[in-house]
**Student:** 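Starting off with a structure, shown below.
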Amino acid sequence: MTKQVKAVTHQPLIPVKTGMTQQQLLDKLHYQQSRQIITKLLNKGLISENEFKQIDQLNQQSFPPLIRTENVDTSTIQS
């Protein structure tokens, strides 16, 4: 049985309104990238847990997340 291969058509990207500015999107991306890097450093034992937390706090100041965990009410969330 031979499979038929269909030609791939490229559709133009349609901007989606997310309510985020371009700067907010970039900040989120940069924060996530920095978080991945320091997580790898922590997992390899190159930084301590305390250093990880300090660096993460500095990164949150540099690249403010859209929603900070301290601003989210999790008291009604059930496990």
**Student:** What are the two closest non-hydrogen atoms of Phe63 and Asp27, and how far apart are they?
**Tutor:**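 It is CB-O, 3.4 Å.
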**Student:** If you measure from CD1 on Ile38 to CG on Asp56, what distance do you get to the nearest 0.5 Å?
**Tutor:**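 Ile38 CD1 to Asp56 CG: 4.5 Å, rounded to 0.5 Å.
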**Student:** Go through the structure and list residues passing side chain to side chain contact (heavy atoms under 4.5 Å, CB included) with Ile37, not counting sequence neighbours.
**Tutor:**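 Here the qualifying residues are Leu41.
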**Student:** List in chain and number order the residues that pass side-chain hydrogen bond (donor to acceptor under 3.5 Å, both in side chains) with Gln22, two or more places apart in sequence or in another chain; answer none if no residue qualifies.
**Tutor:**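 With neighbours one apart ignored, the set is empty.
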**Student:** Could you state the interatomic distance from CZ (Arg35) to CG (Leu42), rounded to the nearest 0.5 Å?
**Tutor:**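 Going from the CZ atom of Arg35 to the CG atom of Leu42 covers 9.5 Å.
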**Student:** Strictly by side chain to side chain donor-acceptor pair (under 3.5 Å), give each pair with a member in residues 40-50 just once, sequence neighbours left out.
**Tutor:**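 Non-adjacent pairs meeting side chain to side chain donor-acceptor pair (under 3.5 Å): Ser48-Glu51.
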**Student:** Would you mind listing the cluster partners of Leu26? Hydrophobic ones only (ILVMFWY), side-chain contacts under 4.5 Å, chaining allowed.
**Tutor:**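 The other cluster members (ILVMFWY side chains, heavy atoms under 4.5 Å, direct or chained): none.
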**Student:** Which value, rounded to the nearest 0.5 Å, describes the distance between Gln32 atom CD and Gln36 atom CD?
**Tutor:**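 Atom-to-atom, Gln32:CD and Gln36:CD are 7.0 Å apart.
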